[in-house]
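Lettering follows sequence order; numbering is per chain, from 1.
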Number of protein chains: 2
Amino acid sequence: MSLRFALLALLTVEPMTGYDLAKRFESSVAFVWHAPDSQIYPELRKMAKEGLLTAEEIPWGPNGKKTQYRITIEGRAAFKQWMNTPLEYARERDPVHLKAAYLEWAEPSMAKQHMQAHIEYHRMRRGQWADMIAGLRDGTNEMLSKRLAAAAPQDHRRILEYKIFTYQGLIARAETEIEWGLRGLELIDSLSNTPPDDQPIHTPSSA
Amino acid sequence: MSLRFALLALLTVEPMTGYDLAKRFESSVAFVWHAPDSQIYPELRKMAKEGLLTAEEIPWGPNGKKTQYRITIEGRAAFKQWMNTPLEYARERDPVHLKAAYLEWAEPSMAKQHMQAHIEYHRMRRGQWADMIAGLRDGTNEMLSKRLAAAAPQDHRRILEYKIFTYQGLIARAETEIEWGLRGLELIDSLSNTPPDDQPIHTPSSA
DNA sequence: AGCCACTACCTATGTTCATAGTTAGTTGTC
DNA sequence: GACAACTAACTATGAACATAGGTAGTGGCT
């Protein structure tokens, strides 16, 4: 249900083709939202039929053409309305923590590998998001520049700050995951290094 | 794909009916994994056909009967194998941060409501998970007691510690979200209280 | 005896999403 | 002019999941 609003969000900047949008969902916006083109094209047609977008065939080279989608006033209204609607939180479904809960079933070396992969994954994301913030701050981010150019000056600060705030939240989340992963590595070591015999249960007095 | 392993994880404790499993996915385990019964029953039949489980019809009252599923050796092997396989991380799809990035489109009062809801949601979860840890620690948790009773004594510590570790990670995550939400509230206030006129863009020197 | 909450199980429908293709035109280059 | 890389768009299939129903038996209470 959120895909269409992610599309609307991008189309508030400028009209785009399905291909343009798909590319953004693969690269720049990919670390916040992802969607394959096979989902995007049908959704755009549906949204055009509902009046949220207008589709315009524009020429492309001598024989080709492409469809550019432009957000309508109704589209903007729908986006605004979604922005003013509280979202219901999806039920939990978390493979990482499901696995972590039963780590006693994995080989200690494999358990450590899980944690290592978790740490690396979130370090990578933290880096990506830090780059995003840098791009927002130094004016390198194209989408932001275009968005600001089309917005009233008194809104510029809001627009920038909320985007930075979003990525800061994602960085904070990644850092929590990294710390948890590091604690996991220590735990696995402490549980496999010590001989199991003299490990009393539920008695924190020894150690 | 993970549903069957969540089911196997629960069935390593004791044989259960589909109804039992569905109940657990609605209550005790619900804050880590959720699945509706309409998904569970077909999956159990599929798993039985694949040899991961055996289905046993047991009487229930004078005329009734119920199907109890028991994990097989192959089922245990499959679970162990999954536990020793690195999991691939799903592509990002995060409605909360999608919304946060475009908060300039929402009324300030609504933006604050979003953040408030986020904070409350994660406070609730933090509480639930803290209760889970308490239950694990004081022996109140039935599933854990049964699991320990069926396990070798030298494994008891691992089994307990990994479960606590998992919930600690979820608590840490919730706390990060709460902090982010609180910072969001402050940000919204600071952006709507100050007059927009004397708010220069990209010049951190004034302030 | 009637009623209700619960246990147990099943089915149908629609959406979202991943995966993996296909077709066709464009642009640049060797 | 052959080729590759890219742009543009579409289709098919199946898994996962949400939602919303239905049927039937049980146990307990009044």
For A:Ser2 and for B:Lys66, locate the closest nucleotide of DNA chain C by heavy-atom distance; then report the residue assigned to the nucleotide nearer the 5' terminus.
B:Lys66

Are the ring centres of A:His118 and A:His114 closer than 6.0 Å?
no

How many whole angstroms separate atom CD of A:Glu26 from atom C1' of D:dA8?
13 Å

B:Thr166, B:Ile159, B:Asn141 screened by side chain to side chain contact (heavy atoms under 4.5 Å, CB included) with B:Leu136, the one that passes:
B:Asn141

Salt bridge (charged side-chain N to carboxylate O under 4.0 Å, His left out) contacts in which one or both residues fall within residues 166-187 of chain B, not counting sequence neighbours
A:Asp94-B:Arg173, A:Arg173-B:Glu177, A:Glu177-B:Arg173, B:Arg126-B:Glu175

Could you tell me whether B:Arg4 contacts a base, only the sugar-phosphate backbone, or nothing, with contacts defined as non-hydrogen atoms closer than 4.0 Å?
nothing

Would you say D:dT7 has OP1 or OP2 under 4.0 Å from some side-chain N or O of A:Tyr19?
yes

Residues in side chain to side chain donor-acceptor pair (under 3.5 Å) contact with B:Thr176, at least two apart in sequence or another chain
A:Thr176

From CD of A:Glu57 across to P of D:dT7 the rounded distance in Å is 20 Å

Taken to the nearest whole Å, CG/A:Leu44 to C1'/D:dA8 is 12 Å

Can you give me the N/O atom pairs linking the protein to nucleotides 23-27 of chain D at distances under 3.5 Å, or say none if there are none?
residue : atom : partner : partner atom : Å
D:dG25  : O3'  : B:Gly64 : N            : 3.1
D:dT26  : OP1  : B:Pro62 : N            : 3.0
D:dT26  : OP1  : B:Asn63 : N            : 2.5
D:dT26  : OP1  : B:Gly64 : N            : 2.8

Write out all pairs satisfying salt bridge (charged side-chain N to carboxylate O under 4.0 Å, His left out) with one or both partners inside residues 70-83 of chain B, taking only residues at least two apart or from two chains.
B:Glu56-B:Arg70

Nucleotide range of DNA chain C contacted by chain A, 5' to 3', under 4.0 Å to a heavy atom?
C:dT16 to C:dT26

Output yes when A:Glu104 and B:Arg157 qualify as a salt bridge under the 4.0 Å nitrogen-oxygen rule, no when they do not.
no

Got a sec? Which of residues 32-39 of chain A come in under 4.0 Å of DNA chain D, heavy atoms?
A:Asp37, A:Ser38

Is any side-chain heavy atom of B:Arg147 closer than 4.5 Å to one of B:Lys163?
yes

Could you tell me how the ring of B:Trp180 sits relative to the ring of B:His97: parallel (under 30°), tilted (30 to 60°) or perpendicular (over 60°)?
parallel

B:Lys65 meets the side chain to side chain donor-acceptor pair (under 3.5 Å) criterion, sequence neighbours left out, with B:Glu57

How would you list all residue pairs meeting salt bridge (charged side-chain N to carboxylate O under 4.0 Å, His left out) that involve residues 7-31 of chain B, not counting sequence neighbours?
B:Glu14-B:Lys146

Where does the angle between the aromatic ring planes of B:Phe5 and B:Trp82 fall among parallel (under 30°), tilted (30 to 60°) and perpendicular (over 60°)?
parallel

Find the distance B:Leu7:CG to D:dC17:P and express it as a whole number of Å.
11 Å

Distance in angstrom units between A:Gln68 CD and D:dA8 C1', rounded
13 Å

Give me the ring orientation class for A:Trp129 and A:Phe31: parallel if the planes are under 30° apart, tilted from 30 to 60°, perpendicular past 60°.
perpendicular

Residues, nucleotides or ligands: over 12 heavy atoms within 6.0 Å of A:Arg93 CZ
yes

Which donor-acceptor pairs under 3.5 Å do the side chains of residues 45-53 of chain B make with protein atoms, sequence neighbours left out?
residue : atom : partner : partner atom : Å
B:Glu50 : OE1  : B:Arg4  : NH1          : 3.0
B:Glu50 : OE2  : B:Arg4  : NH2          : 3.3

Identify, with sequence neighbours excluded, every residue that meets side chain to side chain donor-acceptor pair (under 3.5 Å) alongside B:Glu92.
A:Arg125

Parallel, tilted or perpendicular: which one describes the rings of A:Phe79 and B:Trp105, with boundaries at 30° and 60°?
perpendicular

Roughly, in whole Å, what's the span from CG in B:Leu3 to C1' in D:dA18?
14 Å

Five pairs at each end of the helix from C:dA1-D:dT30 to C:dC30-D:dG1: take the axis at both ends and give me the angle between them to 10°.
0°

Going by number, which of residues 85-93 of chain B have a non-hydrogen atom under 4.0 Å from DNA chain D?
none

